[in-house]
Structures are given as structure tokens and as C-alpha cells.
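To keep things clear, I will list the structure first and then write my remarks on it.
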Amino acid sequence: MVFAVLLSGVAAPAIAALLPGFDEVRRAHRPSEAQLLDRHGALLHELRVDNSVRRLQWVPLQEISPALVDAVVRAEDRRFFEHGGVDWRALGDAAIDTFLKGAPRGASTLSMQVAAMLEPALRAAGSHRTVTQKWDQIRAARALEARWAKREILEAYLNLSPFRGELTGIGAATRGLFDKAPSGLDAREAAILAALLRGPNAPPDVVARRACGVAATGKKLVDCKPFEAIAKSALGRPPRLEASVALAPHLARELLSRDAPRVVTTLDLRTQTAVLEVLSRQIGELARRGVQDAAALVVDNATGDVLAYAGNQGSGASAPFVDGVKAPRQAGSTLKPFLYAQVLEERLLTAASLLDDSPADLVTPSGLYVPQNYDRDFRGPVSVRAALSGSLNVPAVRTLMLLGPERFTDRLRDLGFEHVVPSGDFYGYSLALGSADVTLKELVNAYRTFANGGAWSPLRVLPAPPGKPRAVTEPGAAWIVADILSDRGARSASFGLENPLATPFWTAVKTGTSKDMRDNWCIGVSRRYTVGVWVGNFDGAPMRDVSGVSGAAPAWLAIMQRLHRNEASAAPPKPSGVVIQRVRFVPSIEPDRDEVFLRGTEVAEVALAPMVGAGVRISYPGNGAILAVDPDIPEAAQRVRFKASQPGEGLRWRLNDEPLVADAVGAVFWKPVPGRFELVLSDAVGTVLDRVRFEVRGVARDAIAQ
């Protein structure tokens, strides 16, 4: 801080006016460590943002050990409390030593040194100050004493002085050299620090000798050996200056900088601490199964405030700098609820509709796709409620066949899944099982819509007005899916009644595991919170025998229980567009029950035939297939056979809205030509059974002839 350029010709009152006040100096103090604070102002994380110096928060004098204050005064300015800024006796002695004895030495008081710290023009250009600089320093010190109290001068001196290497200020010095707070210094440590003020980079033995001299002031005999041991221990290694609090490293690296040294977030310290403890414990229990990394996010449903942000927890993390909240990973079964919400909303299915859970071989552009359930078993006809709550894969794929991958990708993008960029044909039917890459942040915010009536709004980690909600899913459809995900009885067929998804209060929850056991998810909502947990390995190594229920779910349950330790969670109120209807299944595939429907879709009886997904489909070509015209093959031999999944009378085919003639078993042989096509299969009365889009590439033969 510069308060003057040249003081020689300035009157003393003017010098005093140019000096900054103590409060101004303290406010201008810039630590090298930035601070991330929670919503209540509590410290979450400390991060170094200035690599040129190591300076911590300003330390008030009352928080500094009296032993250090005493040692510094005795070493640097023993008559500090008696003079008015200049020790004339010491100055005279210094002049005699310098000019008569040829042994230059300084006599700067603490006040003079503080004045030089505030004004670069007063600092020595080489090893000594000029006479003019010394005179200006004297006048500045007297002016400083006229404005500042003695304790303020002492406090500023201890906070501004360099102690060792890059360690500047008493806070950094005590933490870096002794791993203590300034208040905890003993007399010998205080003497070491006082000795460092004269020679910050002196060798340990020299510092020990000077410290012993400081301690011996006013005493007859002092044992110097303890000072040698302390100096060697503190100064014989690089300073240890770990962050005092490190609870949110990934968020701190994102938000903190030299321009943003103190940032208040929406996080809650107690929630953050609890989440980190839960993840650490779960990673420890899963370590023998090859699990190294974990991440979690806790969000307030109403506001979108992030209350806990754990980017990667675990002492043995495979990639500790990877932020698991934002890292794209394969979604697994966590996308199924959004698929079923969309088909419910579009009135294609109800919660009581029957789906065929039987083996299915699907032709895709990349080959034959054969979806399997997690347990490799098939249950035959099942309701949508049973299929979703049991996380059955084949019914989900059949549901996506009914809706179409393109429409589903559009919905996912509306829900904030920014990494779902390619078209639906790129993913194909595997999208129902989570082949797309998503982030934990995207998943948590999308699940939050189930607690908010289908409305989506952005999350926030910085205090700001809440984002404007945007309707994505019809409230009734969102409510029904949440009801299914909270149905402990329906879930029991796959997971049993007692599992980590069963909470004593209302929650709606879903797990997911990606292929090859590389990602494990558990995302769920209560009335107030949405909690998401991911476990896996960022280095790509697969886990061993870890599913959503055994991997992420126990941590999710523990976090939810902490959040609701003293807070109830009831189911959201039923929207007006949802009705309850008693349903009977014929035959008794599932027990009679009260089911929830979107108004106008309710039925009292659900018959087995026909089942959604069990009817006739197009088995070739697959949706998104790319076929090629080969000019080296005779034209007559180039034919594409459009095939149905099963033969039937009255099947009708249309290609780009043009009718095709089928043979006796309902198949069609078509001469391929380059272009893009939509193939539609209908029954005898014109009901569309299936449709696919495909492309033919190559050069038409008539073009070759030309």
C-alpha cells in the first residue's frame, strides 16, 4: 500500500494525513488462501490462489500468544511502549557503530518498520537505506504513532512481516513451521519466530543461536540446546501448510480465485460433513470389491439449492481431481422413470398396462440386440408398475419401441441432460437401459421434477433468486411415476421387502448399474430433498459383484436418514388429473389392487391379450439400419426382404407412404435404391403395428450407366 512518493518536503501533519488508517490496512489484507463458505458463513474449504506468497487470514493481537509479543518486542524494539515512533537512544548507538566503529547496524523501531511496509519508497534499495530514506522513515513513524495505537502497530507488524521463505504473517508462520495457531506458541517457539524476523532465510543453527539470545535477554543463564532441536525440526524441512478445512475441493477449485477470494455458497456445513462421512464409510466397505471412487449431491427440491456437493470421496480415489458430480458416466437403469413418465403422459400406457417380459431379439444397425433382465430371468406378462419398480429391462425396451428413441431423446434434453446430444437412432433401443452418458448433477435435477410436479429449474450453488420453473412432464404422469418408485410392495418382487431402498418415510428411488459394472447409481427424492449417489472407478476399472442396491443405495439410505432424522416426509398430494380405480387382471397375473390413472385412461379390468410389445413387429430392417447398394452385384440379385416378427394374414406394408405388395406370409422383397426411408407395418384394418427408419447408401445403377 503506497501512501507517499516523496516525504522529504512534506510537513509532518501532511504525512499523517497521507498515512492509511489501521482499519484500512486490515481490510486491504489479501490472504493467499481463498475461502469457500457455507450458507451460514461457516468455512467449508480453504484453497491457495496466490502462488507468489503464503499469507493467511489477518490475526487479531488478542489471538496471538503473549510469549511471541514479548519476544518480538525484546528482539526488535525493547523500548517500543516508551517512545513515540523513534528510539533516539538506539538510533544514536547505531550511528556510532556505523560511522566510528565501522560496524553498520540498523535501529528501526517497529513503527518505522511498519511504515516501510506500507510505503515502498521507504524500503532499502540495497543492504542499507540512504540518509534521506532514513529521515523520511523517521517522520513517517512519528506520523504513524500519531494515528495508530501501539497495539495496532504491533498487530500490523506481526501480520505483514515475512518470517521464512514464502511464509508471510504470523498466521502462515505458526501454521507452516509449528502446525499451530498463533495463540498456541510457547516461549521457545516464540523466540525462534522473533529470531527469524532479523534473518528469515538464515540456517537453522544461526536462528537457534539468535533465538537463545532473545530468550536470554534479562536472564543470567539460558540452555541453548532446546532451541537447536526446535529450529532443526521447524526449519530443516519445507513448511507444512495444509488447508485448515478441506470439505469441498472440487467446488472450491471451480469457484475460488484471486478475484473471488471469499465465496458464500448454498451448501450446508453439517450436511456436507455428514455426506462425506457416509461416502467414506461406504467406500471402505466396498474396497475389497474394487470400488475406489464415490460422489454425491444433495439438493433442496423447492429452491434447487445444492446443500452437499461431494465430487469424489475416498482416501484411495483413482482420480481425486475428477469431479464426479459433473463427469459424464453411463446412466444404466436410472433413465427408465423418464421413459415411463413420457408414455403415461402420451396415453400410450397406464400403470396397469401389461408388458411382455420375454426374450426379444432386436435387429439394430450395429447387429442383433438381445436385452436381458438383471437376474437373467423373465416373468412373462407384467404391469408397468411391476416393470418399473422391479427395473425389468425387456419391458423397458419394448416401451421404448412403442415410443421411439427420437422422442425419448427429445424429452431427456428437455430434462437438462446436456450430454444426450446425438439423435435417438444413434442410441437405438439400448437407450431404455441407459446407454447415454449423463452426469450426477443432471440426474439429480431431473429426478427433482418428480417432487415438483414435473417442473424443471436449474440448480444453484451460489445464493441467487431461484430459477423460473419450466413444465416438462405432465404433473399427473410425474406423480404416478413417483408413486411407483415409492411402492415398496411392487419393488419386493425384485429386491425383497427389506433393502436399502426401503425408508421409514416417503421416498421415491431408483438404482442403476452400467454395463461391465463401471457405474453404480442410486437417485431418489423425498418430499423436501433429492439425493443422488454414484460409486465406481474413474480409471475405468470394473467393480466386482456390485449392484445399485449393494453399492450406491446403502450410502443413499444413510444420507436420507440423516436428512430426515428430525423431519417427516409425506407423499406429495395427488394432482387433480389423477384418479384411483380398482383394477382386476384377467387372468390373475397380479393381485387386484387400487391403481392410479391419468383421468380418462382408467380401466376396471386388464386382460392379458393383446399385450403391449407382444404383437407383430418389423424384424428387418432394424430402426436406423444403413444398407448399401453394391454396383458389383447383379441388379437382379440385390433385394431387401422386409420381414415381420411373425407371419400373419392381412399385414400391410408402406414405404414412404407408398403401398408394397406382400407375399403369402406377409413378407416383401424390395429393390433397394439410395435414399432415406420410413417403413410402416399395419394390420388389416390399418392400425399401425410398427415403423422403422433406414437409409440406403450407394450409387443408383442408372447413374453408373451414364
Side-chain angles (χ1 to χ4, degrees), residues 301 331-355 382-393 395-396 398-400 402-403 407-408 411-412 414-417 431-434 438 442-456 471-491 494-495 501 503 506-512 521-527 530-532 548 569-581 583 593-599 601-602 612:
N301 291 333
S333 294
T334 57
L335 298 183
K336 289 176 182 175
F338 309 112
L339 171 63
Y340 284 106
Q342 190 172 1
V343 295
L344 291 177
E345 177 184 299
E346 297 189 17
R347 275 63 174 174
L348 297 174
L349 296 175
T350 71
S353 297
L354 294 178
L355 294 163
V382 294
S383 68
V384 165
R385 178 175 290 272
L388 175 55
S389 61
S391 196
L392 303 181
N393 287 342
R398 296 192 189 279
T399 300
L400 184 57
L402 185 67
L403 179 66
R407 290 158 69 188
F408 187 39
R411 173 56 59 87
L412 292 176
D414 286 344
L415 285 163
F417 290 98
L431 184 60
L433 308 185
V438 301
E442 293 169 345
L443 271 176
V444 165
N445 204 23
Y447 270 76
R448 179 173 155 246
T449 62
F450 292 126
N452 290 340
W456 184 95
V472 176
T473 305
E474 183 179 327
W479 189 91
I480 291 173
V481 168
D483 181 69
I484 294 173
L485 295 179
S486 68
D487 190 339
R488 185 176 179 181
R491 190 190 300 128
S494 295
F495 302 103
L501 307 180
T503 56
W506 184 88
T507 53
V509 57
K510 184 75 184 69
T511 60
W521 309 87
C522 187
I523 320 289
V525 304
S526 66
R527 185 67 177 275
T530 300
V531 175
S569 176
K574 181 171 63 66
S576 59
V578 174
V579 297
I580 300 175
Q581 170 70 52
V583 174
R593 64 171 182 260
D594 289 336
E595 188 55 273
V596 288
F597 297 86
L598 294 177
R599 190 178 301 279
T601 66
E602 63 270 24
V612 176

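- Going from atom OG1 of T473 over to atom CG of L415 covers 5.0 Å, rounded to the nearest 0.5 Å.
- When all heavy atoms of A478 and G453 are compared, the closest pair comes out as CB-C, 4.3 Å.
- Looking at every heavy atom in both residues, A387 comes nearest to P395 through CB-CB, 3.8 Å.
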Legend entry - Worked check of side-chain contact (heavy atoms from CB on, under 4.5 Å) between L403 and Y340: CA-CA 10 Å; L403 179 66; Y340 284 106; over 6 Å; no
Inset, instruction - Output, in order, the C-alpha distance, side-chain angles, deciding distance and verdict of side-chain contact (heavy atoms from CB on, under 4.5 Å) for L344 and E474. - result: CA-CA 9 Å; L344 291 177; E474 183 179 327; over 6 Å; no
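- Residues L431 and L412 have side chains in contact (heavy-atom distance under 4.5 Å, counting atoms from C-beta outward).
- When side chains are defined from C-beta on, Q581 does not count as touching D594, because their heavy atoms never get closer than 4.5 Å.
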Legend entry - Worked check of side-chain contact (heavy atoms from CB on, under 4.5 Å) between L501 and C522: CA-CA 9 Å; L501 307 180; C522 187; 3.9 Å; yes
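- The closest side-chain donor-acceptor pair between T530 and N301 falls under 3.5 angstrom.
- For W506 (side chain) and S569 (main-chain N/O), no donor-acceptor pair under 3.5 Å exists by modelled atom type.
- Residues V583 and F597 share a closest heavy-atom pair of CG2-CZ, 3.4 Å.
- With hydrogens and angles left out, the side-chain atoms of T507 and R488 include no donor and acceptor closer than 3.5 Å.
- Residues T350 and V384 form no side-chain contact, since every pair of their non-hydrogen atoms from C-beta on lies 4.5 Å or further apart.
- Of the inter-residue distances, the one linking R411 atom CZ with L335 atom CG reads 13.0 Å to the nearest 0.5 angstrom.
- Panel note: side chain K336, backbone S391; a donor-acceptor pair is recorded below 3.5 Å.
- The two residues A351 and I484 have their closest heavy-atom pair at CB-CD1, 4.2 Å.
- Rounding to the nearest 0.5 Å gives a distance of 11.0 Å between CG of L392 and CG of L433.
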Inset, instruction - Please lay out, stage by stage, how V509 and Y447 fare under the test side-chain contact (heavy atoms from CB on, under 4.5 Å). - result: CA-CA 9 Å; V509 57; Y447 270 76; over 6 Å; no
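- For the atom pair R398 CZ and N393 CG, the distance stands at 12.0 Å (nearest 0.5 Å).
- In terms of heavy-atom proximity, A508 sits nearest to A482 at CB-O, 3.4 Å.
- Separating the OG atom in S333 from the CG atom in L339 is a distance of 11.0 Å, to the nearest 0.5 Å.
- Using a 4.0 Å cut-off between charged side-chain N and carboxylate O, K574 and D483 make no salt bridge.
- T449 places no side-chain N or O within 3.5 Å of a backbone atom of N452 that could act as its donor or acceptor partner.
- A heavy-atom distance below 4.5 Å is found between the side chains of R593 and S383.
- Atom CD of residue E595 and atom CD of residue E602 lie 12.0 Å apart, to the nearest 0.5 angstrom.
- A side-chain donor-acceptor contact under 3.5 Å links W479 to the backbone of P572.
- R491 contributes a side-chain N or O that, together with a main-chain N or O of L485, makes up a donor-acceptor pair within less than 3.5 Å.
- Below 30°, between 30° and 60°, or above 60°: for F450 and F338 the angle between ring planes is below 30°, a parallel geometry.
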